[in-house]
Amino acid sequence: MDEEAAVYDLGSVDAAVTSVVESMPTIQRSFCNLRQNHERTALVTVPLVLGALAWVPVVFAIAMMAVAVYVLLWSLILAAWAFVASGYVFGVSSIIAFILGATSGNWVAGAMDGGVSLALGGAAVLLTPIAIQVTSILYQASIRFGRWVAHLVVGAIICGAGLAMALVSLIACGFAPDTVAPLPTVNAGFLGKISYPHLPQSLSFTR
């Protein structure tokens with residue numbers, strides 16, 4: 001067989017490339033398709049980038065609102081104790097007012113200022129149990145709110161990762177999931193056999 005006949009038997013370049021690609025494993029073939037099909041990748045990437053103009057500010061606003069609520073709760077705790085502490089300071093200053101009034105001979109002013117300060121100190125003593133109760137309530141609320149925010153963030157990350165994986169897989173298979181072989185069925189013990197189809201089908205829990 002001469003050289004021209006041998007080249008003719010090889011067939012066209014497109015046929016040879018198709019044969020090589022079909023002989024590759026499914027995953028490798030899918031990612032090769034993903035790298036080569038720039039139009040399909042751009043079809044998904046461009047809407048995601050443009051959509052970021054909408055969802056990035058929304059996510060940032062939600063995050064700032066969560067931080068504001070958390071700071072507000074602790075600000076209320078600090079404000080309650082600052083009010084009580086100022087009352088105790090007034091109570092202590094009443095002694096100084098009494099002493100100054102007695103030593104300066106102006107006992108009326110000393111009694112007036114000292115009496116007002118002493119009354120404020122007594123009010124601080126009365127409000128201390130309320131401040132403790134309010135602190136406990138706000139502290140528990142801040143803890144629950146922090147846990148809720150943590151669950152929200154973790155759930156959003158997991159959800160986003162799942163959607164991103166599904167999107168990449170759809171791009172890799174050319175938006176034709178029926179061309180990808182499904183995962184093997186798993187025997188899950190008392191649950192029976194569970195299949196993981198990539199098409200929208202119901203899970204099978206039959207034995």
Side-chain angles (χ1 to χ4, degrees), residues 42-171 188-191 194 196 200 202-203 205:
L43 181 64
V44 177
T45 304
V46 171
L48 287 178
V49 173
L50 295 179
L53 300 176
W55 61 263
V56 168
V58 172
V59 172
F60 183 77
I62 293 175
M64 290 298 99
M65 183 176 64
V67 172
V69 171
Y70 198 76
V71 171
L72 174 62
L73 293 174
W74 281 100
S75 299
L76 292 175
I77 294 175
L78 295 177
W81 282 106
F83 180 78
V84 172
S86 64
Y88 281 107
V89 172
F90 274 110
V92 174
S93 66
S94 65
I95 301 174
I96 301 175
F98 286 134
I99 295 174
L100 290 177
T103 56
S104 64
N106 191 1
W107 61 270
V108 176
M112 182 181 298
D113 293 340
V116 172
S117 299
L118 188 61
L120 291 175
V125 175
L126 292 174
L127 294 176
T128 298
I130 299 177
I132 294 174
Q133 186 66 26
V134 170
T135 300
S136 178
I137 294 173
L138 293 177
Y139 175 76
Q140 294 298 328
S142 66
I143 294 298
R144 287 193 294 269
F145 182 75
R147 291 175 180 173
W148 178 79
V149 171
H151 290 152
L152 180 65
V153 171
V154 172
I157 292 175
I158 295 175
C159 182
L163 291 176
M165 292 174 61
L167 181 61
V168 171
S169 301
L170 283 175
I171 297 175
F190 68 94
L191 291 177
I194 303 178
Y196 298 90
S202 59
L203 292 177
F205 290 99

At what distance, to the nearest 0.5 angstrom, does [atom1] of [X] lie from [atom2] of [Y]?
X: Thr135; Y: Trp74; atom1: OG1; atom2: CH2; answer: 9.0 Å
X: Leu78; Y: Leu73; atom1: CG; atom2: CG; answer: 11.0 Å
X: Phe60; Y: Met65; atom1: CZ; atom2: CE; answer: 13.0 Å
X: Ser93; Y: Ile99; atom1: OG; atom2: CD1; answer: 11.5 Å
X: Leu127; Y: Trp81; atom1: CG; atom2: CH2; answer: 10.5 Å
X: Phe98; Y: Asp113; atom1: CZ; atom2: CG; answer: 9.5 Å

Checklist entry - With no hydrogens and no angle check, is any side-chain donor or acceptor of Ser136 less than 3.5 Å from a backbone partner on Ile132? => result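 Not confirmed, Ser136 side chain does not pair with Ile132 backbone.
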Checklist entry - For atom OH of Tyr88, is the number of surrounding heavy atoms from other residues, nucleotides or ligands below 6.0 Å larger than 12? => result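 Atom OH in Tyr88 is packed in, count exceeds 12.
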Side-chain donor-acceptor pairs under 3.5 Å in residues 138-166, sequence neighbours left out?
{"unit_1": "Ser142", "atom_1": "OG", "unit_2": "Leu138", "atom_2": "O", "d": "3.4"}
{"unit_1": "Ser142", "atom_1": "OG", "unit_2": "Tyr139", "atom_2": "O", "d": "2.6"}
{"unit_1": "His151", "atom_1": "ND1", "unit_2": "Arg147", "atom_2": "O", "d": "3.4"}

